[in-house]
Amino acid sequence: MIALFVFLFGISIGSFLNVIVFRTALSETIVKGRSKCLSCKHSLCTKDLIPVFGYLFLKGKCRYCQSKISWQYPLVEFLTGLVFLAFYFKYHFGIAIGFPVEGFDILLLLARDWIAVSVLLLIFIYDLRYSYILDRFTIPTIILVLLLNLWLGLSVSSLILGAVVIGGFFLVQYFVSKGKWVGGGDIRMGVLMGCLLGFRDGVAALFLAYVLGALVGLGLLATKRANRETEIPFGTFLSFTTLLMLFLGKWVIEWYLALFV
Ligand SMILES: [Zn+2]
């Protein structure tokens with residue numbers, strides 16, 4: 001029963017993430033007015049706005065102008081629901097998390113992860129669509145997760161070291177290439193990864209993002225869907241592997257270390 005509630009909560013947050021992505025891109029304020037159809041500008045009624053089900057009920061078309069609704073909406077909603085549920089189960093079943101927490105702190109930990117994955121999903125979609133990692137997503141999250149992590153008793157030195165090393169990694173590239181290889185948003189993303197995951201898991205997420213980026217890049221080249229000039233939205237890979245390490249961190253590290261024993 002709680003699981004169902006968590007899932008519905010997740011898809012509602014997913015629905016909100018869609019709104020943030022599109023309204024940020026159109027530089028409208030988040031709360032201004034009712035949601036409208038992006039084609040005919042007709043205000044949408046409440047039942048059209050029900051996450052996932054509204055889309056299914058309308059068969060993916062606007063009620064008023066019949067234009068297609070982006071499948072990004074239900075997909076993001078559904079995925080957010082699944083991810084929220086996954087993190088809930090992780091703590092519900094007391095799966096090893098690498099550092100000791102109990103009682104109220106478990107709730108804080110879950111809250112931290114839900115906030116973090118919401119922002120990571122935002123960065124994932126936004127960078128994929130518009131090739132930008134926005135400071136308004138990263139900077140408030142850096143402050144929030146850092147405070148929560150300090151409260152939860154994570155190693156201060158690990159968090160700071162992670163932020164400095166991963167952020168610094170992008171900062172150096174930024175200066176060397178005069179902003180051509182990476183953008184300023186990547187630097188803030190690096191800091192966020194360090195403050196969220198700490199040094200060890202953060203560096204692992206960075207490394208995995210390069211591996212994944214290379215694999216996807218090669219795949220696109222091989223299938224001729226990209227050429228050497230195609231820009232890879234790296235924030236998309238960074239947010240994906242950060243989410244992965246947030247969920248699986250301990251196991252990924254143990255598996256990796258086991259390769260050398
Ligand atoms: Zn319409």
Side-chain angles (χ1 to χ4, degrees), residues 13-28 30 38 70-80 82-83 113-145 162-163 166-174 177-197 201-221 225-247:
I13 296 292
S15 175
F16 188 56
L17 298 182
N18 279 322
V19 171
I20 295 176
V21 167
F22 280 109
R23 294 203 179 182
T24 305
L26 297 168
S27 47
E28 289 179 51
I30 304 295
L38 290 174
S70 167
W71 50 265
Q72 183 201 301
Y73 286 97
L75 182 70
V76 168
E77 287 160 357
F78 188 71
L79 282 180
T80 311
L82 281 188
V83 171
D113 286 0
W114 279 353
I115 293 166
V117 296
S118 300
V119 177
L120 290 171
L121 286 168
L122 260 184
I123 295 170
F124 182 96
I125 306 160
Y126 206 89
D127 198 39
L128 189 63
R129 286 187 79 96
Y130 306 109
S131 301
Y132 272 107
I133 305 174
L134 296 179
D135 287 348
R136 71 173 81 173
F137 299 156
T138 48
I139 289 176
T141 318
I142 289 170
I143 297 166
L144 195 63
V145 296
I166 305 169
F169 172 76
F170 288 117
L171 186 69
V172 168
Q173 293 189 63
Y174 184 80
S177 71
K178 298 191 177 68
K180 278 198 202 92
W181 299 339
V182 298
D186 294 288
I187 303 167
R188 264 78 78 185
M189 183 68 193
V191 173
L192 173 60
M193 292 166 72
C195 290
L196 178 62
L197 298 173
D201 289 9
V203 169
L206 178 67
F207 175 73
L208 285 174
Y210 274 95
V211 173
L212 192 66
L215 288 176
V216 171
L218 286 175
L220 291 175
L221 281 177
R225 270 182 282 179
N227 59 45
R228 280 166 200 289
E229 270 79 61
T230 308
E231 283 200 32
I232 297 279
F234 201 53
T236 298
F237 292 103
L238 288 173
S239 47
F240 178 75
T241 57
T242 302
L243 204 160
L244 203 67
M245 287 306 291
L246 191 63
F247 190 68

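All residue numbers refer to positions in the sequence shown, counting from 1.
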| task | Say whether, by atom type as modelled, one donor and one acceptor occur between the side chain of S15 and the main chain of E77 under 3.5 angstrom. | result |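 No, because the side chain of S15 does not come within donor-acceptor range (under 3.5 Å) of the backbone of E77.
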| query | Would a distance-only check, ignoring hydrogens and angles, find a side-chain to backbone donor-acceptor pair under 3.5 Å from D127 to Y132? | reply |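 A pair under 3.5 Å: yes.
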| message | Between L120 and M189, does the side-chain contact (heavy atoms from CB on, under 4.5 Å) criterion hold? Intermediate values first, please. | response | CA-CA 10 Å; L120 290 171; M189 183 68 193; 3.9 Å; yes
Quick one: does [X]'s side chain get under 4.5 Å of [Y]'s, heavy atoms only?
{"X": "M193", "Y": "M245", "answer": "no"}
{"X": "V191", "Y": "I166", "answer": "no"}
{"X": "F124", "Y": "F240", "answer": "yes"}
{"X": "I187", "Y": "Y174", "answer": "yes"}
{"X": "L17", "Y": "S118", "answer": "yes"}
{"X": "I20", "Y": "L122", "answer": "yes"}
{"X": "L196", "Y": "T141", "answer": "no"}
{"X": "Y126", "Y": "L134", "answer": "yes"}

| query | Is there a side-chain contact (heavy atoms from CB on, under 4.5 Å) between V76 and L121 once you walk through the steps? | reply | CA-CA 8 Å; V76 168; L121 286 168; 5.8 Å; no
How far apart are the closest heavy atoms of [X] and [Y], and which atoms are they?
{"X": "G14", "Y": "T80", "value": "CA-OG1, 3.4 Å"}
{"X": "P74", "Y": "W71", "value": "CD-O, 3.3 Å"}
{"X": "I142", "Y": "C195", "value": "CG2-SG, 4.0 Å"}

| field | Steps toward side-chain contact (heavy atoms from CB on, under 4.5 Å) verdict (V21, F16) | value | CA-CA 9 Å; V21 167; F16 188 56; over 6 Å; no
| field | Sub-6.0 Å ring centroid separation between Y73 and F78 | value |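 Here the rings of F78 and Y73 have centres that are no less than 6.0 Å from each other.
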| request: May I ask you to decide if the ring planes of F234 and Y210 are parallel, tilted or perpendicular, using 30° and 60° as cut-offs? | output: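 Rings of F234 and Y210: tilted, 30 to 60°.
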